[in-house]
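Given the structure is predicted, the values throughout are model-derived calculations rather than measurements. Order of the sequence lines fixes the chain letters, A, B, ..., with proteins taken first and strands second; residue numbering starts at 1 for each chain.
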Amino acid sequence: MVGVGGATVIPGGDRFRAIMAAVVPESVSLSDDEWTDAAAIIARAIAARPAAVRRQLGLFLRALDLVALVRHGRGLRSLSAAKRTALLESLARSRVLALRRGVWGVRTLAFMGYYARPAAARAIGYRASPAGWAGVRARSGVQ
Amino acid sequence: MIERDYDVVIIGSGAGGGTVAQALAGLVAEGRRVLVLEQGARLADREFTGNELDMSDSLYEDSGGFLTADGTMTLAFGRIYGGSTVVYTGTSLVAPRRVIERWSVPGLAHGDIEERSRRYMVENNVHFLPDEELNDNNRLFVEGCKRTGYHAEQFPLNVRGCRGSSLCNLGCPNGAKMGTNRVQLPAAERMGVQVVTRAEALRIEDRVVVAHVRELAAGEKGAPSEWPAGSYRIRAGIVVCAGGSIGTSALLLRSGLARAVPRLGEGFTCHPAHILVAEQPRAITNDVGHPKSFYVDRAEAEGFVLETCMYFPFVTAKNLTGFGASHSALMRAFPRLQMILVLACDRAAPGNRVAVNATGRPVVHYRFTDAVVTSLVRATRASARIFFAAGAERVHAPSADPPLLDRSMQDRLDSLISERNFQSGRISISAAHLMGGCGMGRSASDSVTDSWGRVHGIPWLRVADSSLFPDALEINPYVTVMALADRTAQAVRADAGELLGGRVTLTTA
């Protein structure tokens, strides 16, 4: 849990998990342990940001709920996956910079939580290693 | 407050600070005391793991996520023993003549920059990689360029014993990249220059650097500082600032020097960049081999440069536009992805500047000019043509609508990729070539320093980093930083007699 000047961002909580599911649909399949890892990565990233950025993030998350309430009569967490995604996409193309930037910020955190885990990197076929060419040759059995 | 006394204090250990440290190391044999303060840590070779998150946290300011004031661009710069030379790809180019001539700095000739640049390129083992070490990502770029009429040139690289990990931007895990952490700083230390890491320069007073040395935090990579944690007041006969465009500008602003040099912080440029990706029909070698071996220089004609590149999963995900199922599909194609980095050659513009907030933290104000947006769009169109010519099935272009273009759209690239789709805050833009803020020039009315890095009106204060650039360089900047830092060091040596004179330093450390 990370305090953000009055608001609180809980990467492990339902709200962020709902956002993450819209940003990286595969995240719904994360095990509890994997989700804990992802949430810890996000929490650490938020804690390391300047106070002003943390404050803006907290405000944007509140605004997301508010927009969901106005448009759909319910909070973000209660929306279907399709509606959550559509809402984020509409805000990402908003004429208001703060909203576009807000979506960019939460998607960046979601991507970090998901793809910065070595298991996710391996799952998409990312194989870079310090061994470089020698590693590739070893994997393919070429001497 | 712990007191220390040195003849020369250098703030920063990257391309500028490392160069000055080595160039002034001879002063130690003459009985002078030379100190380098580095804000970042000193990592052991085994701590360069290539892990994306760990290394970003350990090597970059704000873990690589430093944002401009309006949050629309990410600025990447190193905070480590060796500075940004630890995290660049080692591409080594001499500044173009046209750029140095356009800068019009009195006393700065292209021939002098070129001579010094070539000397450091030899020292850093700069050479071309042999063909057999080039990966498919680079070969496809060259092939696509040939078919579309673009002239691809090979980057000279400063590597020794490169194993092709592709992890350059996370600090070479094999110690193959010849940054100042491998070459100039160790040489300077062998000659008696002291380097103190985890030491942040808070402000500069009259011939004094006020610094804070921090403890090694639990779980943090790197060695403890060479000095005990605490606050320091370091007297110095000469202070050389080499903390980079943002670091040096912010330090001098925090020190209240804007009254003496009103142009301080102005003239910030950064080569704003996009990462573009394309899907090839088959798996290619992309995450093995040096990532950045070729480029296309269209700076003079069209205001952009294209470079091959390869990034890591999180950085790649962040730089693709959008999210959701289509984004995930592109990420799952990682083994088939070809990548190009497009860079806009921006110009110093009013309002684009480095400032500091109430706590003294740097704040970078940057607005994308119409010219920059046009350059990025042109560069994206060129890249899309190159991708398709190299056989790509789909191209992801952030300033296209839709962003994912397939081969059937090849004939409509000019209309699909357009300035009207460029929405800052939605499209990921990043920059790693951070320049200006302490630009060179004639006097305090038009600049911060002269062509030798002397701050106007403050003879004991010098600058030796990319903040000296009065405008964008249009190429990868580290070699030019070394050349300018070499000039700064030469001027320090020339002025040392007058500035240090019979100065006696206390030997308390």
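By number of non-hydrogen pairs under 4.5 angstrom with chain A, the leading residue of B:Gly289, B:Ser166, B:Ala333 is B:Gly289. In terms of heavy-atom pairs under 4.5 angstrom with chain B, the leader among A:Arg49, A:Glu89, A:Met112 is A:Met112. Ranking A:Ala110, A:Gly113, A:Pro50, A:Ala98 against chain B, the residue ahead of the rest is A:Pro50, based on heavy-atom pairs under 4.5 Å. Per-residue counts of heavy-atom pairs under 4.5 Å with chain B were compared for A:Val103, A:Val23, A:Thr85, A:Leu88; the largest is that of A:Val23. Highest contact tally toward chain A, considering only B:Met310, B:Arg336, B:Arg332, is held by B:Arg332 [criterion: heavy-atom pairs under 4.5 Å]. Per-residue counts of heavy-atom pairs under 4.5 Å with chain B were compared for A:Arg93, A:Arg95, A:Glu26, A:Arg117; the largest is that of A:Arg93.
For chain A, no part of B:Asn357 is nearby; none of its heavy atoms comes within less than 4.5 Å. Of the atoms belonging to A:Ala121, heavy atoms from both backbone and side chain fall under 4.5 Å from chain B. Interface residue B:Asn174: only side-chain heavy atoms are found under 4.5 Å from chain A. Looking at B:Leu67, only its side chain comes within 4.5 Å of chain A, counting heavy atoms on both sides.
At least one side-chain heavy atom of B:Ser424 sits less than 4.5 Å from a side-chain heavy atom of A:Arg100. When side chains are defined from C-beta on, A:Pro130 does not count as touching B:Arg163, because their heavy atoms never get closer than 4.5 Å. No side-chain heavy atom of B:Thr316 sits less than 4.5 Å from a side-chain heavy atom of A:Tyr115. Within the 4.5 Å cutoff, no side-chain heavy atoms of B:Arg426 are placed close to those of A:Trp104.
The backbone N or O of B:Lys318 sits less than 3.5 Å from a side-chain atom of A:Arg107, completing a donor-acceptor pair. Within the 3.5 Å criterion, the main-chain N or O of B:Thr72 finds no donor-acceptor partner in the side chain of A:Arg101. B:Asp287 places a side-chain N or O within donor-acceptor distance of the main-chain N or O of A:Arg127, the cut-off being under 3.5 Å.
Ion pairing between B:Asp57 and A:Arg44 holds under the 4.0 Å rule for side-chain N and carboxylate O.
In this pair, B:His327 and A:Phe111 present their aromatic rings parallel. The plane angle is below 30°, not in the 30 to 60° band.
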